[in-house]
**Q** 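For reference, the structure I am asking about is given below.
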Amino acid sequence: MPELPEAETISRQIRDFVSGKKIISTSVNRDRAVRSNNSAMQFIKEVTDSTILTSSRRGKSILLPLDNDKTIIVRLGMSGSLYLKENNETNSADKHTHVIFKLENGDELHFVDPRTFGEIIVENGHNTENFETFKGYGYEPLHESFNSSTLHKLCKNKKSSIEALLMDQKNVVGIGKIYSDESLFLSEIDPRRPAESITKKEADKLTDAIKEVLSNSIESHGTSGKDGAYRDAFGNHGTFATKLNVYQRDGKNCNRCGATIEFVPFQGRRMHFCPKCQK
DNA sequence: AATGGGGCCTGAGAGC
DNA sequence: TGCTCTCAGGCCCCAT
C-alpha cells in the first residue's frame, strides 16, 4: 500500500531520469486509469510533447510538473506504482500497465496498478495549493509546520479514533494503515482511543513517532507487505517490512514486551497494536 | 459539521 | 487439485 514513504521513494528515484525530458508519446491502455480527466484522448493531448521539469510529491501522490504549465498527478491508490523502463530494456508491459509515457531518449515511465484504485490526473499550473485534487489536504507530516501543537489542535473535540484522524488526509497527508499503526505503537497509544483524549504530552510523542517512522521507511525505500505488491521505480521491494513492530504482525510477539500483537475490528477498520504497550 | 458505513477492484489465501 | 469466499486498503460518496 503506497503511502508517503513509497511515493517519496519513487519520486526521488525517477527524478534524474525524467527531469528535462520531453514526453514524445503517451498511451492509455485502460481508460479508468485517467478517469478524472475529460477523456483519455484529452489526457494524452495535454501531456504529450511537453517536457517534464522534475518530480516531486504531495501526500501519497507523485507530481510531474510540465513546461506547458500543467502538472501530472499520479495517485498510487493501494496498488499503484511507476516503473522506469530504460531504453535498453525490452518492453515488459503487462496487463496491469495502464499508462505509458515514452520519453525522448527512449526511456519509458509505466503506470502499473493491479487494483485500479489509483489514477493519473492533469491539473493546471504548478502550485499544489490550487489543485482541485488536493483540496482540503492537511499538513505534510515531515514539514516543520507539522509539530505537536498542530497535532494536538487537530485532535481537539474529535470523537473519532486517533488512528482514523491520522489516516484522514484532511488532517495529515500521506499516512495510511501501515504508518498509523506503527506510529501509534512507537508512541504507546491505543489506536482506538478518541482523538480528543490525546494529551499534549502524548501529542509530543506521537509527532516524533510519525516523523521517525516515515523517515526510516523512506531510508528503506518503503514497505512491501505480506503480498509483496509494492515495488519501487526500479522494480525492487522496499525493506521496511523487516522493521515493522505491529503492522501485519498479528499473532506474533511484541518486540518490546513479548505480548501477542492483536488485529481487531474497530469502527469499520482493523487495527494492529500491542495490548500491553499501548494505552 | 462531524462521523460512520458502503462500494469500488483484484489477487492472495483460506476453507471446503 | 480446484473451486468459491473473504479480505485487504485509499478514497469517494452518501446517510445520519
Side-chain angles (χ1 to χ4, degrees), chain A residues 1-8 10 29-37 57-62 73-82 94-99 111-121 123 128 131-138 140-141 153-184 191-198 214 217 222-231 237-238 240-241 244 246-252 261-273:
Chain A
M1 306 88 243
E3 302 177 26
L4 185 152
E6 291 75 24
E8 180 68 28
I10 294 169
N29 301 328
R30 192 183 175 114
D31 286 357
R32 188 180 152 74
V34 294
R35 58 190 175 276
S36 293
N37 301 280
R57 180 195 59 76
R58 171 81 171 123
K60 303 171 188 172
S61 298
I62 295 162
I73 301 169
V74 182
R75 308 187 72 146
L76 299 172
M78 72 171 286
S79 63
S81 192
L82 277 179
D94 64 19
K95 63 172 176 170
H96 300 303
T97 301
H98 306 320
V99 179
F111 175 61
V112 181
D113 183 21
R115 295 184 196 173
T116 74
F117 281 15
E119 65 170 325
I120 303 186
I121 299 162
E123 292 259 13
T128 57
F131 293 171
E132 191 66 25
T133 310
F134 299 145
K135 207 175 156 194
Y137 259 34
E140 276 291 340
K153 270 181 209 156
L154 287 171
C155 291
K156 215 177 163 188
N157 297 326
K158 294 278 167 59
K159 313 285 178 207
S160 55
S161 69
I162 181 64
E163 170 138 324
L165 181 131
L166 292 182
M167 287 176 62
D168 187 340
Q169 305 300 297
K170 288 183 170 42
N171 301 313
V172 196
V173 299
I175 300 175
K177 280 292 303 166
I178 304 172
Y179 302 108
S180 58
D181 281 348
E182 291 299 312
S183 303
L184 288 161
R192 299 168 295 182
R193 277 185 40 201
E196 63 181 1
S197 73
I198 301 300
L214 295 176
S217 181
T223 304
S224 297
K226 275 180 183 167
D227 61 3
Y230 164 74
R231 286 168 185 271
H237 291 302
F240 195 68
L244 296 173
V246 287
Y247 180 77
Q248 289 186 344
R249 289 198 69 247
D250 41 303
K252 299 209 168 82
I261 302 298
E262 293 186 5
F263 185 34
V264 300
F266 188 73
Q267 290 179 348
R269 64 185 89 232
R270 295 181 78 192
M271 304 174 177
H272 301 85
F273 63 97

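All of these numbers come straight from a predicted model, not from anything done at the bench.
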**Q** Applying a 4.0 Å non-hydrogen cut-off, can you work out what A:Arg30 is touching in the nucleic acid: base, sugar-phosphate, or nothing?
**A**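 Sugar-phosphate contact only - A:Arg30 comes under 4.0 Å of backbone atoms but never of a base.
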**Q** Nearest of C:dG10, B:dG11, C:dC11 to any side-chain atom of A:Lys95?
**A**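 Closest of the options to the side chain of A:Lys95: B:dG11.
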**Q** Kindly determine whether A:Ser217 and A:Glu6 satisfy side chain to side chain contact (heavy atoms under 4.5 Å, CB included), including the steps that lead there.
**A** CA-CA 8 Å; A:Ser217 181; A:Glu6 291 75 24; 4.2 Å; yes
**Q** Reading DNA chain C 5' to 3', what string of ( ), [ ], | and . shows its pairs, if Watson-Crick and G-U wobble pairs count only when both distances fall under 3.5 Å?
**A** .|||||||||||||||
**Q** A:Arg270 side chain: which of C:dG10, C:dC11, C:dC7 is closest?
**A**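 The closest nucleotide is C:dC7.
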**Q** CZ of A:Arg35 versus C1' of B:dC9: gap in Å, rounded?
**A**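 Distance check: A:Arg35 CZ to B:dC9 C1' gives 10 Å.
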**Q** Check the distance between C:dC12's P and A:Tyr137's OH and give it to me in whole angstrom.
**A**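 That distance rounds to 7 Å.
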**Q** Does A:Tyr247 reach a base, just sugar-phosphate, or nothing at all? Heavy atoms under 4.0 Å.
**A**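 If one applies the 4.0 Å heavy-atom cut-off, A:Tyr247 turns out to touch the sugar-phosphate alone, with no base involved.
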**Q** Side chain of A:Arg115, heavy atoms from C-beta onward: which of B:dT3, B:dG4, B:dG11 has the nearest atom to it?
**A**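 Shortest atom-to-atom distance from the side chain points to B:dG11.
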**Q** State which of B:dG4, B:dG11, C:dC11 makes the closest approach to the side chain of A:Ser160.
**A**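 For the A:Ser160 side chain, the nearest candidate turns out to be B:dG4.
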**Q** Taking the six-membered ring for Trp, are A:His98 and A:Phe111 parallel (under 30°), tilted (30 to 60°) or perpendicular (over 60°)?
**A**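 Ring orientation of A:His98 relative to A:Phe111: perpendicular.
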**Q** Round to the nearest Å and state the distance from A:Leu76 atom CG to B:dC9 atom P.
**A**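 These atoms are roughly 19 Å apart.
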**Q** We want to know whether A:Thr128 and A:Arg58 form a side-chain donor-acceptor pair, criterion being a heavy-atom distance below 3.5 angstrom.
**A**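 A:Thr128 vs A:Arg58: no donor-acceptor pair found between side chains.
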**Q** Would you mind reading off the distance between A:Lys135 atom NZ and C:dC11 atom P, rounded to a whole angstrom?
**A**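 Spelled out: NZ on A:Lys135 to P on C:dC11 is 17 Å.
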**Q** Looking only at side-chain atoms of A:Lys158, point me to the closest of C:dC11, B:dT3, B:dC8.
**A**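 Closest nucleotide among those given: B:dT3.
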**Q** Quickly work out the A:Asp168 CG to B:dA2 P distance and round it to whole Å.
**A**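 Result: 11 Å.
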**Q** Heavy atoms only, 4.0 Å cut-off, all strands: where does A:Phe263 land among base, sugar-phosphate and nothing?
**A**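 Result for A:Phe263 = sugar-phosphate.
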**Q** Give the rounded distance in Å between these two atoms: CG of A:Asp113 and C1' of C:dC11.
**A**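 Taking atom C1' of C:dC11 as the reference, CG of A:Asp113 is at 13 Å.
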**Q** How many Å lie between CZ on A:Arg269 and P on C:dC7, as a whole number?
**A**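 My rounded result for the distance is 17 Å.
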**Q** Between C1' on B:dT3 and CG on A:Asn171, what's the gap in Å once rounded to a whole number?
**A**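 So the CG-C1' distance, A:Asn171 to B:dT3, works out to 12 Å.
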**Q** Could A:Glu196 and A:Lys159 be called an ion pair, given the rule that one side-chain N must be under 4.0 Å from one carboxylate O?
**A**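 The answer is yes: the pair qualifies as a salt bridge.
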